[in-house]
Amino acid sequence: MATHQELNRSFMAAAAVVLLLATTARAGIEEACLGAASRDSAVDYAHCVSSLSSDPQSRRDAADMHALAAAATRMAIEHAAATEARFDGLGEAEESPRARARLGHCLEVYGAATDVLRDALDNIRARVYGRAVEQIAAALGAAERCEDAWKGEEEQRNVPAVATEHDREYGRLATVALGLTAGIA
């Protein structure tokens with residue numbers, strides 16, 4: 001039977017290994033984000049690090065640029081799909097036909113962006129990085145295209161305000177995916 005001291009040493013050794021792995025993962029993510037931000041000024045380094053660090057898969061694969069590019073693209077897909085669903089819900093609840101039409105436009109824009117990003121992820125997995133970069137770049141403008149539909153409208157009051165932050169986060173995630181993928185293209 002193990003003594004209290006032996007159990008304590010085993011626990012401390014395990015904790016040290018976990019801490020070392022977490023530190024190594026963070027360093028890999030920081031290095032990847034630093035590279036992406038240095039290549040593309042649109043990549044927000046702090047956002048890149050926090051987004052990838054919050055994802056268990058990214059932390060596990062932090063030393064693999066291919067895996068990080070795939071993870072960032074997957075995160076952008078998830079956010080685009082969530083944004084699409086949000087616009088769908090807002091459109092169903094909206095009474096104004098003009099606002100509903102604009103929400104419908106945003107729904108289409110994000111649906112297309114989600115599809116293109118899924119194709120980009122397939123290309124990343126197949127290591128066809130140049131094509132993936134083109135696709136992510138094409139999907140990147142979804143937030144602006146959606147917000148442009150609302151410019152100059154009085155109906156801008158609360159509907160876009162609800163979705164604007166979601167729009168911006170999608171753009172930031174897609175920019176990270178683009179920056180990481182371009183770094184291995």
Side-chain angles (χ1 to χ4, degrees), residues 15-87 106 109-110 112-114 116-125 127 129-148 150-151 156 158 160-185:
V17 168
V18 168
L19 181 60
L20 178 63
L21 290 175
T23 303
T24 303
R26 177 90 177 176
I29 289 170
E30 288 175 354
E31 184 179 331
C33 290
L34 184 61
S38 69
R39 282 185 301 279
D40 183 348
S41 63
V43 174
D44 179 332
Y45 169 78
H47 183 265
C48 178
V49 171
S50 69
S51 297
L52 291 174
S53 295
S54 71
D55 180 57
Q57 186 175 353
S58 296
R59 288 192 312 267
R60 187 184 67 236
D61 299 331
D64 182 354
M65 281 296 294
H66 171 84
L68 287 176
T73 303
R74 179 185 42 79
M75 292 168 70
I77 291 167
E78 291 168 359
H79 203 82
T83 304
E84 180 183 8
R86 179 173 220 135
F87 281 118
C106 291
V109 165
Y110 274 98
T114 302
V116 171
L117 286 170
R118 284 186 179 123
D119 290 343
L121 183 57
D122 289 343
N123 281 319
I124 290 169
R125 289 178 176 149
R127 299 183 186 271
Y129 301 119
R131 180 69 180 135
V133 166
E134 292 170 2
Q135 290 166 319
I136 296 168
L140 188 59
E144 290 97 24
R145 288 191 296 278
C146 177
E147 289 179 23
D148 284 349
W150 294 91
K151 286 188 177 169
Q156 194 172 11
N158 62 1
V162 172
T164 297
E165 189 57 38
H166 231 254
D167 258 357
R168 286 191 185 120
E169 180 61 13
Y170 162 76
R172 293 169 72 183
L173 287 170
T175 300
V176 167
L178 180 61
L180 291 172
T181 306
I184 54 178

Output yes when Arg74 and Asp55 qualify as a salt bridge under the 4.0 Å nitrogen-oxygen rule, no when they do not.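 Here Arg74 pairs with Asp55 in a salt bridge, since their nearest N and O are under 4.0 Å apart.
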
All ring pair (Phe, Tyr, Trp, His ring centres under 6.0 Å) counterparts of Tyr110, not counting sequence neighbours: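 For Tyr110, the residues satisfying ring pair (Phe, Tyr, Trp, His ring centres under 6.0 Å) (neighbours in sequence not counted) are Phe87, Tyr170.
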
What residues, two or more places apart in sequence or in another chain, satisfy ring pair (Phe, Tyr, Trp, His ring centres under 6.0 Å) together with His66?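 With neighbours one apart ignored, the set is Tyr129.
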
Can you see which heavy atom on [X] is nearest to which on [Y], and at what distance?
X	Y	answer
Gln135	Val116	O-CG1, 3.1 Å
Ala132	Ala120	CB-O, 3.6 Å
Ala71	Ser58	CB-OG, 3.2 Å
Ala177	Ile136	O-CD1, 4.0 Å
Arg172	Asp44	NH2-OD2, 3.4 Å
Ile124	Ala69	CD1-O, 4.0 Å

Validation row: Arg131, Asp119 side chains within 4.5 angstrom (heavy atoms):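 Heavy-atom side-chain distance check fails, nothing below 4.5 Å.
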
Is the shortest heavy-atom distance from the side chain of Leu34 to the side chain of Glu30 under 4.5 Å?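 No, side chains not in contact.
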
Distance in Å, [X] [atom1] paired with [Y] [atom2], rounded so as to fall on 0.5 Å steps:
X	Y	atom1	atom2	value
Glu84	His79	CD	NE2	12.5 Å
Glu134	Asn123	CD	CG	9.5 Å
Thr175	Leu140	OG1	CG	4.5 Å
Thr181	Leu68	OG1	CG	10.0 Å
Ile29	Leu52	CD1	CG	5.5 Å

Donor-acceptor contact below 3.5 Å, side chain [X] vs main chain [Y]:
X	Y	answer
Ser51	Cys48	no
Ser38	Gly35	yes
Arg118	Thr114	no

Evaluate side-chain contact (heavy atoms from CB on, under 4.5 Å) for Val176 paired with Met75, printing each intermediate quantity in order. CA-CA 10 Å; Val176 167; Met75 292 168 70; over 6 Å; no

Pairing residues for Ala37 by the side chain to side chain contact (heavy atoms under 4.5 Å, CB included) criterion, not counting sequence neighbours: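 If we apply the side chain to side chain contact (heavy atoms under 4.5 Å, CB included) test to Ala37, skipping adjacent residues, the hits are Val43, Tyr45.
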
Could you walk me through whether Leu180 and Met65 pass the side-chain contact (heavy atoms from CB on, under 4.5 Å) test, one step at a time? CA-CA 7 Å; Leu180 291 172; Met65 281 296 294; 4.0 Å; yes

